[in-house]
Amino acid sequence: MCYGYEPSRRSLLAAGLGLGAAALAAASPAAAAATPPHHHHPKRRVPPGQISMQLYTVRDDLAQNYDTTLTYLAEIGYPKVEVALGYFGRTAQQLRTFFDGLGIQASSSHDGISPDDAALDTKIQNALTLGQTYMVVPFLQSDSLDEWKGWAERMNVEARAARSAGLRYGYHNHAHEFTTDLGGGVTPWDVLTRELDPRLVHLEIDIYWAVTGGVGRGARDPIKFAIDVIRRAPQRVLQYHVKDRHLDGDHADLGTGMIDFRRVFDAHQVREYIVENDSPDVTPRRTSEIGYRYLRKLRF
């Protein structure tokens with residue numbers, strides 16, 4: 001949706017590439033002649049021990065052979081995974097033993113809000129058994145302001161219990177948190193960032209979805225929109241879902257899309273960089289390899 005202006009083809013291209021007005025102007029020959037060159041010598045890189053794989057990416061392979069899928073992730077070099085879609089017939093202890101044998105840590109998980117305190121206790125105990133650092137709410141959606149407020153209140157309760165157990169509790173975004181109008185221009189992201197206790201709840205920013213939210217809001221520079229989301233939130237951003245995007249909005253393997261991850265990482269570094277692609281371009285295994293190698297080579 002567009003807010004009050006009809007962008008030209010050139011500005012649409014700029015938005016797709018994550019270019020703001022200044023960057024677009026600087027692309028002209030006259031501006032280039034008048035502007036001294038900027039030499040950026042990237043020295044930082046993603047620490048290898050902070051790279052992870054969101055198992056939703058390889059869900060089709062997991063359904064066929066869980067053990068083989070985790071084995072090839074370990075062979076690629078992933079030190080960590082973010083658990084999703086359950087334990088595939090194992091208990092948490094059995095899964096921990098299997099991961100330990102591969103040399104992989106289940107550092108994080110995607111778990112919905114628990115229906116009651118007993119289920120919350122089970123969720124926390126499973127996370128501790130697996131050796132997790134993080135547990136993250138992956139998805140919530142509603143057009144009701146009151147429902148979002150209720151979810152935030154419950155997440156604060158769960159986060160307090162998680163913190164008491166030594167775990168960090170977070171929320172993972174999609175695009176609709178930035179584009180859904182709950183009334184009076186208030187969005188779900190407004191509610192979450194206002195209501196979630198920043199002492200207890202951190203954010204796992206999905207870069208693809210934050211950029212897509214910027215596109216949906218008509219941002220001239222969707223990547224800047226995502227960076228602003230990261231910088232302005234009262235809650236700490238401790239994890240990224242590193243997921244690329246084609247100009248048409250399709251998911252892309254890392255490094256083949258339009259998102260300038262150097263720009264995002266330069267603005268804010270996190271403790272865990274989680275590779276994800278909802279729709280792998282070739283095969284889940286190839287996507288996993290591309291993602292790991294991209295993050296290992298990236299300098300920012």
Participant: Do we see a donor-acceptor contact under 3.5 Å between the side chains of D61 and Y66?
Facilitator: no

Participant: Can you sort out the partners of K80 under salt bridge (charged side-chain N to carboxylate O under 4.0 Å, His left out), two or more places apart, ordered by chain and number?
Facilitator: none

Participant: Is there a side-chain contact between V229 and L203 (heavy atoms, below 4.5 Å)?
Facilitator: no

Participant: Do the non-hydrogen side-chain atoms of R271 and T133 ever get within less than 4.5 Å of each other?
Facilitator: no

Participant: Is there a path of hydrophobic side-chain contacts, each under 4.5 Å between heavy atoms of I, L, V, M, F, W or Y residues, that connects L62 with I274?
Facilitator: no

Participant: Once ring pair (Phe, Tyr, Trp, His ring centres under 6.0 Å) is applied, do any residues pair with Y171, and if so which ones, sequence neighbours excluded?
Facilitator: none

Participant: Please check this pair: side chain of E158 against backbone of S114, looking for a donor-acceptor N/O pair closer than 3.5 Å.
Facilitator: yes

Participant: For E289, enumerate each residue passing the salt bridge (charged side-chain N to carboxylate O under 4.0 Å, His left out) test, keeping only those at least two apart in sequence or located in another chain.
Facilitator: R285, R286

Participant: For the NE2 atom of H176 and the CG atom of D143, what is their distance to the nearest 0.5 Å?
Facilitator: 9.5 Å

Participant: Salt-bridge test for D197 and R199: reply yes if a basic N is under 4.0 Å from a carboxylate O, no otherwise.
Facilitator: yes

Participant: Quick one: CD on E276 to NE2 on H251, what's the gap to the nearest 0.5 Å?
Facilitator: 7.0 Å

Participant: Who passes side chain to side chain contact (heavy atoms under 4.5 Å, CB included) against D67, sequence neighbours left out?
Facilitator: N65, R90, F98

Participant: Are V201 and R168 side-chain neighbours, meaning at least one heavy-atom pair lies under 4.5 Å?
Facilitator: no

Participant: Should the ring pair F265 and F261 be called parallel, tilted or perpendicular, given that the plane angle runs from 0 to 90° and is split at 30 and 60?
Facilitator: tilted

Participant: Using the side-chain hydrogen bond (donor to acceptor under 3.5 Å, both in side chains) rule, take T187 and D190 through it: C-alpha gap first, then chi angles, then the decisive distance, then the call.
Facilitator: CA-CA 5 Å; T187 67; D190 295 329; 3.1 Å; yes

Participant: Go through the structure and list residues passing side chain to side chain contact (heavy atoms under 4.5 Å, CB included) with Y78, not counting sequence neighbours.
Facilitator: I51, M53, L73, I76, V275, S288, Y292

Participant: So does R232 pair up with D228, basic N to acidic O under 4.0 Å?
Facilitator: yes

Participant: Measure the shortest side-chain to side-chain distance between N126 and Y87 over non-hydrogen atoms and say whether it is less than 4.5 angstrom.
Facilitator: yes

Participant: Is a donor on one side and an acceptor on the other found under 3.5 Å between the side chain of R299 and the backbone of K297?
Facilitator: yes

Participant: Starting from F139, can I reach Y169 by hopping between I/L/V/M/F/W/Y residues whose side chains sit under 4.5 Å apart?
Facilitator: no

Participant: Roughly how far, to the nearest 0.5 Å, is the CG atom of D250 from the CG atom of D278?
Facilitator: 11.0 Å

Participant: To check you understand the geometry: which heavy-atom pair defines the closest contact between A175 and G213, and what is its length?
Facilitator: CB-N, 3.8 Å

Participant: Return yes if a side-chain donor-acceptor contact under 3.5 Å exists between S107 and E272, otherwise no.
Facilitator: yes

Participant: Where do L254 and L295 come nearest, in terms of heavy atoms and distance?
Facilitator: CD1-CG, 4.2 Å

Participant: If you take all heavy atoms of V58 and P284, which pair is closest and at what distance?
Facilitator: CG1-CB, 3.8 Å

Participant: Minimum heavy-atom separation for L200 and N156, please, with both atom names.
Facilitator: CD1-O, 3.9 Å

Participant: Calculate, to the nearest 0.5 Å, the distance between atoms CD and CD belonging to E82 and E204 respectively.
Facilitator: 4.5 Å

Participant: Take F300 and V46 through the side-chain contact (heavy atoms from CB on, under 4.5 Å) test and state the conclusion after the steps.
Facilitator: CA-CA 9 Å; F300 55 96; V46 176; 4.1 Å; yes

Participant: Is T57 reaching over with its side chain to a backbone N or O of Q54, donor-acceptor style, under 3.5 angstrom?
Facilitator: yes

Participant: Quick one: are the ring centres of Y208 and H246 less than 6.0 Å apart?
Facilitator: no

Participant: Applying side-chain contact (heavy atoms from CB on, under 4.5 Å) to M155 and V157, what does each step give before you reach the verdict?
Facilitator: CA-CA 5 Å; M155 281 191 280; V157 171; over 6 Å; no

Participant: When you compare the side chains of T97 and D100, does any donor N or O come within less than 3.5 Å of an acceptor on the partner?
Facilitator: no

Participant: Mind checking the CG-CD1 spacing from D281 to I290? Nearest 0.5 Å is all I need.
Facilitator: 7.0 Å

Participant: For residues 105-134, which residue pairs qualify under ring-ring contact (aromatic ring centres under 6.0 Å, His included), counting only residues two or more places apart or in two chains?
Facilitator: H110-H172, H110-H241, Y134-H202

Participant: Testing the basics here: between L128 and A165, what is the closest heavy-atom pair and its distance to 0.1 Å?
Facilitator: CD2-O, 3.5 Å

Participant: Going hydrophobic residue to hydrophobic residue with side-chain gaps under 4.5 angstrom, can you get from V270 over to V136?
Facilitator: no

Participant: R236: what forms a salt bridge (charged side-chain N to carboxylate O under 4.0 Å, His left out) with it, not counting sequence neighbours?
Facilitator: none

Participant: Assess, by modelled atom type and distance only, whether the side chains of R245 and T212 contain a donor and an acceptor separated by less than 3.5 Å.
Facilitator: yes

Participant: If I take atom CZ from residue R262 and atom CZ from residue R44, how far apart are they, to the nearest 0.5 angstrom?
Facilitator: 12.5 Å

Participant: Give me the ring orientation class for Y240 and Y273: parallel if the planes are under 30° apart, tilted from 30 to 60°, perpendicular past 60°.
Facilitator: perpendicular

Participant: Quick check on the hydrophobic clustering: are I259 and L298 connected, directly or via other members, by side-chain heavy-atom contacts under 4.5 Å?
Facilitator: yes

Participant: Please answer whether the main-chain N or O of A252 pairs with a side-chain N or O of T256 as donor and acceptor at a distance below 3.5 Å.
Facilitator: no

Participant: Is there a donor-acceptor pair closer than 3.5 Å between any side-chain N or O of D111 and the backbone N or O of L120?
Facilitator: no

Participant: Hey, is the main chain of G257 close enough, under 3.5 Å, to the side chain of D244 for a donor-acceptor pair?
Facilitator: yes

Participant: Just to verify, what does L85 make a side chain to side chain contact (heavy atoms under 4.5 Å, CB included) with, not counting sequence neighbours?
Facilitator: Y56, R59, F88

Participant: Using only heavy-atom distances, determine whether the side chains of Q239 and S108 contain a donor-acceptor pair under 3.5 Å.
Facilitator: yes

Participant: For L140 and I113, what are the C-alpha separation, side-chain angles and deciding distance, and is it a side-chain contact (heavy atoms from CB on, under 4.5 Å)?
Facilitator: CA-CA 9 Å; L140 295 170; I113 295 175; 4.0 Å; yes

Participant: Consider only side-chain heavy atoms of I, L, V, M, F, W and Y, link residues closer than 4.5 Å, and tell whether M258 and I207 are in one cluster.
Facilitator: yes

Participant: When you look at CD of Q94, are more than 12 heavy atoms from neighbouring residues, nucleotides or ligands closer to it than 6.0 Å?
Facilitator: yes

Participant: State which residues pass side chain to side chain contact (heavy atoms under 4.5 Å, CB included) with R231; sequence neighbours excluded, sorted by chain then number.
Facilitator: I227, A267

Participant: Would you please name every residue forming a salt bridge (charged side-chain N to carboxylate O under 4.0 Å, His left out) with D206, sequence neighbours left out?
Facilitator: K243

Participant: My understanding is that only residues two or more places apart in sequence, or in another chain, count here; which of them pass side-chain hydrogen bond (donor to acceptor under 3.5 Å, both in side chains) with N277?
Facilitator: D253

Participant: With a 3.5 Å cut-off and no angle check, do the side chains of S109 and Q132 form a donor-acceptor pair?
Facilitator: yes

Participant: For residues 179-201, pull every pair meeting ring-ring contact (aromatic ring centres under 6.0 Å, His included), keeping only residues two or more places apart or in separate chains.
Facilitator: F178-W189

